[in-house]
Every structure is written in structure tokens, then in C-alpha cells.
Amino acid sequence: LVSVVMTAYQAAATIKVSIRSIQKQTYAHWELIIVDDASSDETGEIADACAQQDTRIHVMHQPVNGGVSQAANAGIALAKGVYIARLDSDDIAKPDRLAMQVDFLEA
């Protein structure tokens, strides 16, 4: 299992595309942990809607903005995977990203 930890702040314009890039991975054994870092836009609602449609997606809502490092550490604390991958809410992962990284780490 690969735990993908995504930090998000004011990312309503980009987060859905970023989430979809993980859902399209050729390596299917993953979980996505999204940490909404107290966004005041629709970031949290978009993340929640995606999580309702895909049980591999988990959303954590921070009550106070703590910054990217604090949000990443909070997500990592929830991770169940053997490996942890980081992705920001405005990043797009190529479809073979996780497969390539797992292959490399296991070699």
C-alpha cells in the first residue's frame, strides 16, 4: 500500500484534477490522505465529495491553518502504507508515477 499525502489550502481551482491524477494511477494499491489546511474556499467540500465516491480517499480538516509542513505531518501520521508519497493539491501525477516509484524502492 502506498499512502499519498496531499496537503491543500485554498485549492478549489486545482484539487479535483490533482485527485483524479491519483485515481488514474496504473498502480492501484494506494490510499489518498487529503489534509485541508483550514481553507475558506470550497477545497474541503470538493475533497469530501471525492472521498464519498472513492473509499481509498480520506479527508482530514485542520481547524487552524498550520502551513504545509504541519499539514503534511498530520497526514503522514494517518498513513497506513508501506511507502508514503507526497503530492500538493496543484500537482498532477503521471499515470505511472506510483508504479515507477514502488518498482524503484523495491529494487
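Index from 1, following the sequence. We use all heavy atoms of the structure for the numbers below, so side chains are in, but hydrogens, waters and symmetry mates are not.
Within the 3.5 Å criterion, the main-chain N or O of D37 finds a donor-acceptor partner in the side chain of N65. Checking side-chain atoms of E31 against main-chain N and O of K80 turns up a donor-acceptor pair under 3.5 Å. With hydrogens and angles ignored, the 3.5 Å screen pairs no side-chain donor or acceptor of D90 with any backbone N or O of T14. Here the side chain of S18 pairs no donor or acceptor atom with the backbone of I92 at under 3.5 angstrom. A donor-acceptor distance shorter than 3.5 angstrom exists from the side chain of Q25 to the backbone of L98, with no hydrogens or angles considered. In terms of modelled atom types and a separation under 3.5 Å, the side chain of D36 and the main chain of S39 share a donor-acceptor contact.
A heavy-atom distance below 4.5 Å is not found between the side chains of L87 and V5. D91 places none of its side-chain heavy atoms less than 4.5 Å from the side chain of M6. A heavy-atom distance below 4.5 Å is not found between the side chains of I33 and V4. The shortest side-chain heavy-atom distance between L1 and V82 does not fall under the 4.5 Å cut-off. Counting only heavy atoms from C-beta outward, the side chains of L32 and H58 never approach each other to under 4.5 Å. At a threshold of 4.5 Å between non-hydrogen side-chain atoms, the residues Q52 and V59 do not count as touching. Looking at I34 and I57, their side chains come closer than 4.5 Å, going by heavy atoms from C-beta outward.
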- Message: I'd like to know whether W30 forms a side chain to side chain contact (heavy atoms under 4.5 Å, CB included) with Q23, so could you lay out the CA-CA distance, the side-chain angles of the two residues, the decisive distance to 0.1 Å, and finally the verdict.
- Response: CA-CA 9 Å; W30 54 263; Q23 290 176 307; 4.0 Å; yes

- Might you work through the side-chain hydrogen bond (donor to acceptor under 3.5 Å, both in side chains) test for Q10 and T43, ending with a clear yes or no? CA-CA 6 Å; Q10 306 296 72; T43 298; 5.2 Å; no

- Starting from the C-alpha separation in whole Å, work towards a yes-or-no answer on side chain to side chain contact (heavy atoms under 4.5 Å, CB included) for Q62 and Q70. CA-CA 10 Å; Q62 298 287 80; Q70 187 277 334; 2.9 Å; yes

- Please step through side-chain hydrogen bond (donor to acceptor under 3.5 Å, both in side chains) for the pair D88 and T7, ending with a clear verdict. CA-CA 5 Å; D88 289 319; T7 56; 3.1 Å; yes

- Go through the steps for R20 and C50 under the test side chain to side chain contact (heavy atoms under 4.5 Å, CB included), then give the verdict. CA-CA 9 Å; R20 297 282 182 252; C50 291; 4.0 Å; yes

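Atoms CD and CG, from Q101 and D96 in turn, are 9.5 Å apart once rounded to the nearest 0.5 Å. Here the straight-line distance linking atom NZ of K94 with atom OG of S21 works out to 12.0 Å at 0.5 Å rounding. Atom CZ in F104 sits 11.0 Å away from atom OH in Y83 (nearest 0.5 Å).
Pairing each heavy atom of S3 with each of G81, the nearest pair is OG-N, 2.7 Å. Looking at every heavy atom in both residues, S89 comes nearest to Y9 through OG-N, 4.2 Å. A pairwise comparison of heavy atoms in I22 and A93 identifies CD1-CB, 4.1 Å as the closest pair.
L78 and V35 fall within the same hydrophobic cluster, where Ile, Leu, Val, Met, Phe, Trp and Tyr residues are linked whenever their side-chain heavy atoms come under 4.5 Å apart, directly or through other members. By the rule that hydrophobic residues join a cluster once side-chain heavy atoms approach within less than 4.5 Å of another member, I19 and V68 end up as members of separate clusters.
Looking at H61 and D48, their side chains do bring a donor and an acceptor atom within 3.5 Å of each other.
Salt bridge annotation for D54-R56: present, with a cationic side-chain nitrogen under 4.0 angstrom from a carboxylate oxygen.
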